[in-house]
Every structure is written in structure tokens, then in C-alpha cells.
Amino acid sequence: MAAEPKILELSNGKITARISNWGATITSLLVPDAQGMSPYFGCIVGRVANRIKDGKFTLNGLEYSLPVNNGPNSLHGGLKGFDKVVWDVVEHKDGECPSITFQYHSKDGEEGYPGDVTIRATYSLPEATTLRLDMEATPENKATPISLAQHTYWNLAGHACGDILNHSLQIWGKHITPVDENTIPTGEIMPVDGTPFDFTTERRIGERIDGVPGGYDHNYVLDCGDEKDGLKRAARLKDPSSLRTLDLWTDAPGMQLYTANYVDGIGGKAGAVYAKHAGVCLETQGFPNAINQPEFPSVVVRPGEKYKHTMLFEFSGC
């Protein structure tokens with residue numbers, strides 16, 4: 001029998017996260033700013049995050065077809081990805097480093113993907129104002145593409161506080177993977193220098209967004225950050241009103257910057273209505289459509305191997 005949807009709480013006195021086993025979703029996140037607290041939300045997407053061109057790929061001589069749910073492409077695992085299923089809660093620990101571990105078994109052929117895969121996601125609070133996410137996936141009997149992402153829409157001013165165009169952003173990536181008219185990478189690795197994509201130094205998100213048709217929805221190559229504990233610096237996001245800062249660290253090769261371009265009148269918590277640019281996503285990931293781009297870092301995981309992906313969210317109110 002499948003587990004029932006429920007919400008669990010993770011708290012260390014500074015950070016309080018409420019996380020559902022439906023999609024291993026953060027339903028609210030309270031972190032201190034210079035004055036107080038504010039909530040946020042998000043989920044895990046897979047078996048492959050982002051887009052796969054035409055919903056097709058070939059692996060070990062076999063062609064696989066996936067549900068097409070984003071123009072001509074398959075997006076975020078298909079019609080019923082990992083964000084739309086109930087995960088089992090396999091561990092919930094309190095104490096000095098509180099944590100919750102979710103597990104989901106994805107069956108061979110689910111949403112068109114080959115092989116049985118067991119996925120685990122552990123949210124923990126290792127320090128006073130730090131949230132960590134460790135994702136693992138183990139294929140049991142067939143090679144399969146795996147690339148998970150955590151899809152929180154961040155608004156550091158609070159969930160009902162307008163858009164994020166005045167947030168400042170720095171990304172430790174000197175290149176992006178440019179896209180075609182269907183938001184599929186062309187296969188190029190393009191320098192950001194001299195373009196509206198250049199966030200190698202801190203800039204307002206809205207400063208040059210008009211120079212990007214539709215807004216930011218692009219994968220950055222994380223190629224120039226310092227490292228700690230096996231993770232590289234990916235991004236720093238700041239809100240000028242709350243003085244809240246988010247530093248993001250990861251071991252993934254890429255990060256999708258998405259400025260909620262398609263959010264339009266979506267109802268949220270406490271009667272809030274979210275509009276365009278109401279949040280910004282910083283989705284660390286394998287490169288989009290990597291299964292069809294042999295020059296990109298591989299997202300194929302074989303039986304006997306284990307996929308691992310860690311994100312570290314460090315908050316401060318400065």
C-alpha cells in the first residue's frame with residue numbers, strides 16, 4: 001500500500017522546514033532575516049529534470065519515448081514525475097542535526113524510462129541557518145538517465161512580497177548552454193561575458209532581463225567557484241528589503257536559472273496570488289537534454305553505480 005500524503009516538520013530553533021512526502025516537497029521554509037521570519041516552498045523533480053528533446057533518447061541501442069508535456073519536449077520527468085508521487089518516510093531524526101529521509105521506488109517503464117530505480121532524498125539541518133539536501137538514486141537492473149533537481153521558487157522577501165527583479169544575484173559560472181526556440185540546448189558552450197547572462201559579479205536580476213526574450217530559463221556551467229567539503233559555490237542571492245542572503249553550494253555540473261516567466265495568477269498560501277517573476281529558481285542539475293548531447297557530462301547511471309547530488313543552502317541576514 002502506498003503511503004498517505006502528510007507533512008513533517010524539521011527544525012533546529014533557527015530554521016523550520018515543513019516538508020511533504022508528496023514529491024518530497026518543501027511546503028514552507030522559515031529562516032531569519034534582519035527582522036524576523038518568512039516562508040518558501042518547492043519540490044524534487046525527476047527521473048530527469050529539465051527538458052529532453054522531442055521526448056526521445058537512445059540508450060544501449062534501444063530508443064525510448066517519453067510523455068511530451070512541454071511543447072515538443074518532455075519536461076521534469078513527464079506527466080507524473082517524482083514531484084507528483086507519494087514518497088515513503090524512511091527516517092525522521094531529531095537532535096543536533098535533525099533530518100528527514102524520503103524514499104521512492106520508480107518502476108521499469110515508468111514515464112517511459114528504463115529500469116527500476118530506488119531514490120532517496122535527505123533534508124537535514126547541519127548548522128543553525130543551513131539546509132542540506134542529499135539525493136541518491138540506485139538503478140537495479142538497467143542503465144538509465146538520472147538527473148534530479150530541487151525546484152524551489154525563492155523569494156527572500158517572503159512568499160507574497162512581489163517579484164524578485166530587485167534581488168541581486170551572483171553565479172559562479174562563466175558559460176551557459178544556449179538554447180533553441182524550444183528551450184533545448186544547441187550543444188554549444190557560450191561565454192556569458194558581455195551578455196545579459198553575465199552574473200559573474202553581483203547584479204540585480206531585473207537589470208538586463210529585458211534583453212533575454214521571455215526571461216531567464218537557462219543552464220549555467222558551474223565552472224569558476226571555490227570549493228568546500230566537496231561542493232562548489234554555485235550562486236548567491238540577496239534581497240535588499242529583508243537583507244536576507246542565500247548562498248548555494250552543490251556538486252552538480254550545472255544550474256538552471258529560471259525567473260518564473262510562466263507564473264501567472266497562481267493561487268498560493270494565505271490567499272496570495274503569484275504573478276510573473278514572483279520567485280527565482282536555482283536548480284542545480286545535469287545539463288538539459290544531456291542524454292542526447294554526447295559532449296555534455298553524462299547523466300547515464302548503470303546498475304552497480306549510484307547517482308549522488310548534494311545541495312547546501314546557507315542563509316544569513318546581513
Side-chain angles (χ1 to χ4, degrees), residues 1-3 21 23-24 43-69 73-91 99-124 132-151 185 219 222 230-232 250-256 283-311:
M1 292 289 291
N21 60 337
C43 64
I44 290 177
V45 295
R47 181 176 303 190
V48 174
N50 216 299
R51 296 168 178 86
I52 293 179
K53 184 177 181 179
D54 298 329
K56 296 183 183 296
F57 65 90
T58 299
L59 182 59
N60 293 336
L62 297 176
E63 183 175 283
Y64 295 91
S65 294
L66 314 174
V68 169
N69 62 337
N73 308 313
S74 184
L75 176 69
H76 292 330
L79 299 174
K80 190 177 181 181
F82 295 169
D83 59 310
K84 298 180 181 68
V85 298
V86 177
W87 298 48
D88 293 320
V89 180
V90 296
E91 189 173 60
S99 66
I100 302 174
T101 298
F102 299 94
Q103 180 171 291
Y104 177 68
H105 181 77
S106 179
K107 296 180 180 179
D108 183 24
E110 185 174 318
E111 294 298 300
Y113 288 95
D116 293 278
V117 179
T118 298
I119 304 98
R120 282 199 169 200
T122 299
Y123 291 96
S124 62
R132 181 182 175 114
L133 172 60
D134 291 286
M135 294 178 281
E136 295 184 352
T138 306
E140 299 175 14
N141 42 32
K142 294 181 182 178
T144 185
I146 302 174
S147 178
L148 307 179
Q150 216 289 341
H151 206 290
N219 174 63
L222 299 177
L231 304 178
K232 54 191 171 185
T250 188
D251 53 4
M255 184 190 75
Q256 190 84 0
E283 307 159 57
T284 66
Q285 60 178 6
F287 292 1
N289 198 40
I291 189 64
N292 293 312
Q293 295 281 7
E295 65 275 21
F296 285 175
S298 176
V299 294
V300 174
V301 187
R302 294 173 172 80
E305 301 174 343
K306 181 178 285 189
Y307 166 92
K308 293 185 177 183
H309 179 183
T310 294
M311 305 177 76

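Hydrogens, waters and symmetry mates play no part in the numbers below; they use all other heavy atoms, side chains included.
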(message) According to side-chain contact (heavy atoms from CB on, under 4.5 Å), who are the partners of Ala290, at least two apart in sequence or on a separate chain?
(response) Phe287, Phe296, Val299

(message) Quick check for you: to the nearest 0.5 Å, what is the distance between Ile146 atom CD1 and Ser106 atom OG?
(response) 8.5 Å

(request) For the residue pair Tyr64 and Thr144, establish whether any side-chain heavy-atom pair is separated by less than 4.5 Å. (result) no

(message) Is the shortest side-chain heavy-atom distance between Arg120 and Glu91 below 4.5 Å?
(response) no

(request) Drop me the distance from Ser74's OG to Asp54's CG, to the nearest 0.5 angstrom. (result) 10.5 Å

(message) Looking at Val86, is its backbone amide N or carbonyl O close enough to the side chain of Asn21 to form a donor-acceptor pair, meaning the two atoms are under 3.5 Å apart?
(response) no

(message) Using the rule given for side-chain contact (heavy atoms from CB on, under 4.5 Å), can you reason through Thr250 versus Leu231, listing the C-alpha separation, both sets of side-chain angles and the distance that settles it, and then say yes or no?
(response) CA-CA 5 Å; Thr250 188; Leu231 304 178; 5.6 Å; no

(message) Let me confirm one number: the CG-CG distance from Asn50 to Asn73, rounded to the nearest 0.5 Å.
(response) 9.5 Å

(request) For the residue pair Tyr104 and Trp87, categorise the inter-ring angle as parallel (less than 30°), tilted (30 to 60°) or perpendicular (more than 60°). (result) tilted

(message) How close do Asp108 and Gly115 get, counting heavy atoms only, and between which atoms?
(response) OD1-N, 2.6 Å

(message) Taking side chain to side chain contact (heavy atoms under 4.5 Å, CB included) as the criterion, tell me which of Gln285, Gln256, His76 meets it with His151.
(response) His76

(request) Evaluate the side-chain proximity of Met135 to Thr310: yes if any heavy-atom separation is below 4.5 Å, no if none is. (result) no

(message) For a side-chain contact (heavy atoms from CB on, under 4.5 Å) check, start with the C-alpha distance between Glu110 and Phe82, then their side-chain angles and the critical distance, and finish with the verdict.
(response) CA-CA 10 Å; Glu110 185 174 318; Phe82 295 169; 4.2 Å; yes

(request) Might you point out which heavy atoms bring Pro67 and Leu79 nearest each other, and give the distance in Å? (result) CB-CG, 3.6 Å

(request) Report yes or no: does Asn292 contribute a side-chain atom to a donor-acceptor pair with the main-chain N or O of Ile52 at less than 3.5 Å? (result) no

(message) Does either side chain, that of Thr118 or that of Gln103, offer a donor lying less than 3.5 Å from an acceptor on the other one?
(response) no

(message) Set out, in order, the CA-CA distance, both residues' side-chain angles and the distance that settles side-chain contact (heavy atoms from CB on, under 4.5 Å) for Glu111 and Arg47, then state yes or no.
(response) CA-CA 9 Å; Glu111 294 298 300; Arg47 181 176 303 190; over 6 Å; no

(message) Looking at every non-hydrogen atom in both residues, tell me the closest pair between Thr122 and Ser99 and how far apart they are.
(response) CG2-CB, 4.1 Å

(request) Check whether any side-chain N or O of Ser147 sits under 3.5 Å from a backbone N or O of Val48 as a donor-acceptor pair, and report yes or no. (result) no

(request) Of all the heavy-atom pairs spanning Phe57 and Pro114, show the shortest one and how long it is. (result) CZ-CD, 3.9 Å

(message) Using every non-hydrogen atom in the two residues, find where Pro145 and Leu59 come nearest and quote the distance to one decimal.
(response) CD-CD2, 4.2 Å

(request) Have a look at Leu148 and tell me which of Ile119, Leu133, Val45, Thr284 forms a side chain to side chain contact (heavy atoms under 4.5 Å, CB included) with it. (result) Ile119

(request) Inspect the surroundings of NZ in Lys53 and state if more than 12 heavy atoms from other residues, nucleotides or ligands are less than 6.0 Å away. (result) no

(request) Would you indicate whether the side-chain heavy atoms of Lys308 and Asp134 approach each other to under 4.5 Å? (result) no

(message) Nearest 0.5 Å, please: how far is CD in Glu283 from CD in Gln150?
(response) 9.0 Å

(request) Take atom NZ of Lys84 as the centre, draw a 6.0 Å sphere, and report whether it contains more than 12 heavy atoms from other residues, nucleotides or ligands. (result) yes

(message) For a side-chain contact (heavy atoms from CB on, under 4.5 Å) check, start with the C-alpha distance between Val89 and Phe102, then their side-chain angles and the critical distance, and finish with the verdict.
(response) CA-CA 5 Å; Val89 180; Phe102 299 94; 3.8 Å; yes

(message) Tell me whether Asn69 contacts the main-chain N or O of Leu75 through its side chain, where contact means a donor paired with an acceptor under 3.5 Å.
(response) yes

(request) Of all the heavy-atom pairs spanning Ala49 and Ala149, show the shortest one and how long it is. (result) CB-CB, 3.5 Å

(request) Measure the shortest side-chain to side-chain distance between Glu63 and Thr58 over non-hydrogen atoms and say whether it is less than 4.5 angstrom. (result) yes

(request) Mind checking the NZ-CG spacing from Lys56 to Leu66? Nearest 0.5 Å is all I need. (result) 8.5 Å

(message) Working to the nearest 0.5 angstrom, can you tell me the gap between Asp116 CG and Asn141 CG?
(response) 4.5 Å

